[in-house]
Amino acid sequence: MKKTVTTFHQAKQNGEKLTMLTAYDYSTAKLIDEAGTDAILVGDSLGNVMLGYSDTTKVTMEDMIHHGAAVARGAKEALVVVDMPFMSYQTSTYDALVNAGRLVKEGGAAAVKLEGGCEVCDAIKSITSAGIPVMAHLGLTPQSINAFGGFKVQCKDEASARKLISDALAVQSAGAFAVVLECIPSKLAALVTKILDIPTIGIGAGSDCDGQVLVYQDMLGMFSDYTPKFVKRFGDVGSVMTEAFKKYIEETKSAAFPSEEHCFKISDEIIEKLLEELK
Ligand code: KIV
């Protein structure tokens, strides 16, 4: 059954945990969808894990549309949420609306995600008033990495914890259907989860959130540039891939691959005739 924002509302009401994983291409989206996740996030983390940038600020609308559309073709049941890239919604509510619309029309999004609290509430209102569901994102918001001065745990002092709570209430009032809480103390995430009517989706925010999200390359051990403390490795696919690549290289060099079973046949008669003609 197709998952929608209603799935998110109902899960919160029923106290059922929600799952979200990132994907950036058709084949991976298909595998994740078949595994039964509630949502697939086409995160702008694609800048790091797919494109090799050091942060997400270089990711463009074209990148998000290209990868979003591929994921949407592979996701039959999961809700497809596509990230709004840096500077696609901060400049004006008009830009926010136009770019959210493009992510739906061209990028296969059923919902969009954007980073920030009170300062993006007008954008959230504008986008949701056009019938596009918005997922908010608070705590460590990677598009503001240059302002944070690095990837660090957020909201540890009283003032920033209070600000997080008021931002969470503000994005809820503006119409967000869910909010990602990234890299904040677990007890603060639990408190925010308790006071909000919309579900919280945690990443580095503890087990009391209404759901969890992870970058799939992180949880499969496919990305080794850095591994945040909050990542659990659910598989070692990176090693499996490296082993298979090595085997392929070895067998190709030794001519063990391709063998008969991977080859196509033609009659000897035709080959002999061709050889004769080419003499
Ligand atoms: O871009 C992304 O993958 C994200 C998740 C880490 C929440 O925003």
Side-chain angles (χ1 to χ4, degrees), residues 8 18-25 28-29 32 37-61 63-68 70-71 75 78-90 99-100 103 107 109 111-117 120 124 133-145 148 151-155 164 167-168 171 176-184 189 192-193 198-206 209-220 222-223 225-232 234:
F8 274 61
L18 288 157
T19 60
M20 183 158 80
L21 281 166
T22 66
Y24 316 96
D25 68 276
T28 313
I32 295 174
T37 188
D38 294 305
I40 295 180
L41 172 65
V42 187
D44 61 355
S45 51
L46 70 84
N48 306 101
V49 293
M50 300 298 288
L51 304 177
Y53 298 142
S54 56
D55 62 59
T56 57
T57 57
K58 292 183 186 67
V59 175
T60 64
M61 276 295 294
D63 292 331
M64 297 313 301
I65 287 168
H66 180 73
H67 289 272
V71 166
L79 178 77
V80 176
V81 183
V82 180
D83 258 342
M84 298 198 70
F86 183 54
M87 284 299 132
S88 68
Y89 56 95
Q90 293 93 338
N99 286 321
L103 292 178
V112 298
K113 178 166 82 57
L114 49 76
E115 298 180 5
V120 294
I124 295 176
V134 175
M135 181 178 278
H137 186 157
L138 296 171
L140 176 60
T141 45
Q143 291 175 12
S144 305
I145 192 65
F148 290 141
F151 293 97
K152 315 177 204 165
V153 182
Q154 300 297 308
C155 310
L164 182 91
D167 278 341
V171 295
F177 76 95
V179 56
V180 168
L181 300 176
E182 179 164 352
C183 220
I184 61 167
V192 171
T193 301
I198 58 173
T200 58
I201 309 296
I203 176 161
C209 293
D210 297 305
Q212 297 292 323
V213 56
L214 281 176
V215 169
Y216 90 83
Q217 285 93 337
D218 286 341
M219 56 92 77
L220 292 184
M222 292 171 65
F223 185 72
D225 289 6
Y226 50 85
T227 308
K229 173 185 155 85
F230 56 73
V231 169
K232 175 174 175 180
F234 286 84

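Atoms within each ligand, like the ligands themselves, are counted from 1 in listed order. What's counted below: heavy atoms across the whole structure, side chains too, no hydrogens, waters or symmetry copies.
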Enquirer: Between atom CE of M64 and atom CG of N99, what is the distance when rounded to the nearest 0.5 Å?
Expert: 11.5 Å
Enquirer: Taking side-chain hydrogen bond (donor to acceptor under 3.5 Å, both in side chains) as the test, write out the residues that go with T227, two or more places apart.
Expert: none
Enquirer: Quick one: pull up NZ in K152 and CD1 in I145 and give me the separation to the nearest 0.5 Å.
Expert: 8.5 Å
Enquirer: Minimum heavy-atom separation for V180 to M20, with atom names?
Expert: CG2-CE, 4.2 Å
Enquirer: Who are the side-chain contact (heavy atoms from CB on, under 4.5 Å) partners of M222, not counting sequence neighbours?
Expert: Y216, Q217, L220, V237, M241
Enquirer: With sequence neighbours left out, what residues match F86 under ring pair (Phe, Tyr, Trp, His ring centres under 6.0 Å)?
Expert: none
Enquirer: What does the contact table look like for ligand 1 (nitrogen or oxygen on each side, cut-off under 3.5 Å)?
Expert:
unit_1	atom_1	unit_2	atom_2	d
ligand 1	1 (O)	D44	N	3.2
ligand 1	1 (O)	D44	OD1	3.1
ligand 1	1 (O)	S45	N	3.0
ligand 1	1 (O)	S45	OG	3.3
ligand 1	1 (O)	D83	OD2	3.1
ligand 1	3 (O)	S45	OG	2.5
ligand 1	8 (O)	K113	NZ	2.8

